[in-house]
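Along the sequence shown, residues carry numbers from 1. We count ligands from 1, going down the list as the structure has it; atoms in each ligand are counted the same way.
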Amino acid sequence: MNALTGTLDPLTIDPTADSDEPPVVRLNAVTKRFGVTAALDGVSLSIRRGEILGLIGRSGAGKSTLIRCLNGLERPDSGEVEVDGRSIVGLGERELQPLRRRIGMIFQHFNLLSAKTVADNIALPLKIEGQKRAARVARVAELLDLVGLADKGGAYPAQLSGGQKQRVGIARALAARPALLLSDEATSALDPETTDSILSLLKDINRALDLTILLITHEMGAVRAIADRVAVLDDGRIVEQGPVWRVFATPRAATTRSLLRAFQPSLPAALVARLVPGRGRRTVLKVVVVGDQAREPLLAELALAVGARASLLHGGVDTVQGRAVGALFLELDGRNETSFAAALEFLRQRASEVEALGHVVDDD
Ligand code: ADP
């Protein structure tokens, strides 16, 4: 049994199953093909109210198709799509309109109308809804305040920075009080500092309004910064999903591992170059520790319990979603099979993941 997930398979558990409230979004076994390409291949996914779900995948993974199935622009070949408790598969264009308004969207290139002021851009969804001018003006002032642009209502998009434009995008997306904010690569065109400020704005709004957010991105950093859960899409399939800290600590799917490469502590290249398979005097282990595990005096306890002296080669402890998550690279004498097995067993009971990477061949 995996100490982190119990006996549950993270690909099949429904995180919203224990809640009375219907999820804001529910996809069940959604398949969409274009000729021989399965853009979506049996995708099941739920987002509960107030949650930020990161959906991550490389180009061509099926992210846009999933968005189009969610807002009814594309009809799945099979499967169910529910938004805000209502099934949208099979609805006609007229019935889809009000449901589409339940989803506010923000985009990589902001999609603002350049000939309209910031205030008019934000008011657009309210105008479409038929709201009276006075109500629109009051709501726009509220929204400008929410996104930190109280003094920019009269400005035109060309007069704003990228980060400010995205703030307008967020205000416009929230104008009609949607059930879901769908962020489609909304920070991909921004510099790192602006990305951070937009992500923290999204997190603040999520907390303040209990807003549900689907964060679609190819950037693991964005997911790590604000998402509660992450689902990894690859070739039209969800290959992994779970709490962000769990996926960052112990990614399982090859795609996730590769997307996370930049975030994973790794052995220095000089050591990797001298690493060969099997055990030896200088056997190298990778040990992943999470939460309280990361604070335990692991090496001292290992020495006490089984008499094995391991040294720390490399590694560190980071914080993801408020939890300590660490990867330590240890060196241990692996020549005696019995004591090596005892050390491995000890570590496996205390860590989330233990992997023998090989052993280092000395230069001499
Ligand atoms: P992503 O948004 O993750 O880059 P897409 O949903 O755009 O992925 O595409 C998923 C797969 O489906 C890709 O192989 C893409 O070429 C294919 N695809 C998407 N839309 C169409 C379409 N309208 N016609 C043919 N193939 C499509």
**Request:** Answer yes or no for atom 15 (C) of ligand 1: protein heavy atom present at a distance under 4.0 Å?
**Result:**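 It does not: no protein heavy atom is found less than 4.0 Å away from atom 15 (C) of ligand 1.
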
**Message:** Closer than 4.0 Å and a protein heavy atom, does any atom meet both conditions relative to atom 6 (O) of ligand 1?
**Reply:** yes

For [atom], the protein heavy atom that lies nearest, with its residue and separation:
| atom | result |
| --- | --- |
| atom 2 (O) of ligand 1 | Ser64 OG, 2.6 Å |
| atom 13 (C) of ligand 1 | Gly60 O, 3.8 Å |
| atom 27 (C) of ligand 1 | Phe34 CD1, 3.3 Å |

**Prompt:** Does even one non-hydrogen atom of Gly62 get within less than 4.0 Å of ligand 1?
**Reply:**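 In this structure, Gly62 qualifies as a contact of ligand 1 - some heavy atom is under 4.0 Å.
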
With a 4.0 Å cut-off on N to O distance, would you call [X] and [Y] a salt bridge?
| X | Y | result |
| --- | --- | --- |
| Asp84 | Arg49 | yes |
| Glu142 | Arg139 | yes |
| Arg48 | Asp228 | no |
| Arg252 | Glu353 | no |

Quick one: which ligand 1 atoms are inside 4.0 Å of a heavy atom on [X]?
| X | value |
| --- | --- |
| Ala61 | 1 (P), 3 (O), 8 (O) |
| Arg58 | 3 (O) |
| Lys63 | 1 (P), 2 (O), 3 (O), 6 (O), 8 (O) |
| Thr37 | 12 (O), 14 (O) |
| Ala39 | 10 (C), 11 (C), 12 (O) |

**Asked** With under 30° as parallel and over 60° as perpendicular, where do the rings of His314 and Phe329 fit, or are they tilted in between?
**Response**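 The rings of His314 and Phe329 sit tilted, inter-plane angle from 30° to 60°.
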
**Asked** Is ligand 1 under 4.0 Å from a heavy atom in the side chain of Thr65, in the backbone, in both, or in neither?
**Response**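 The answer is both, backbone and side chain.
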
**Request:** Look at the side chain of Arg102 and the backbone N and O of Arg177, then say whether any donor-acceptor pair between them is shorter than 3.5 Å.
**Result:** yes

**Prompt:** Between the main-chain N or O of Phe107 and the side-chain N or O of Gln166, is there a donor-acceptor pair closer than 3.5 Å?
**Reply:** yes

**Message:** Within the 4.5 Å heavy-atom criterion, are Glu185 and Lys63 side-chain neighbours or not?
**Reply:**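 Touching, per the 4.5 Å side-chain cut-off.
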
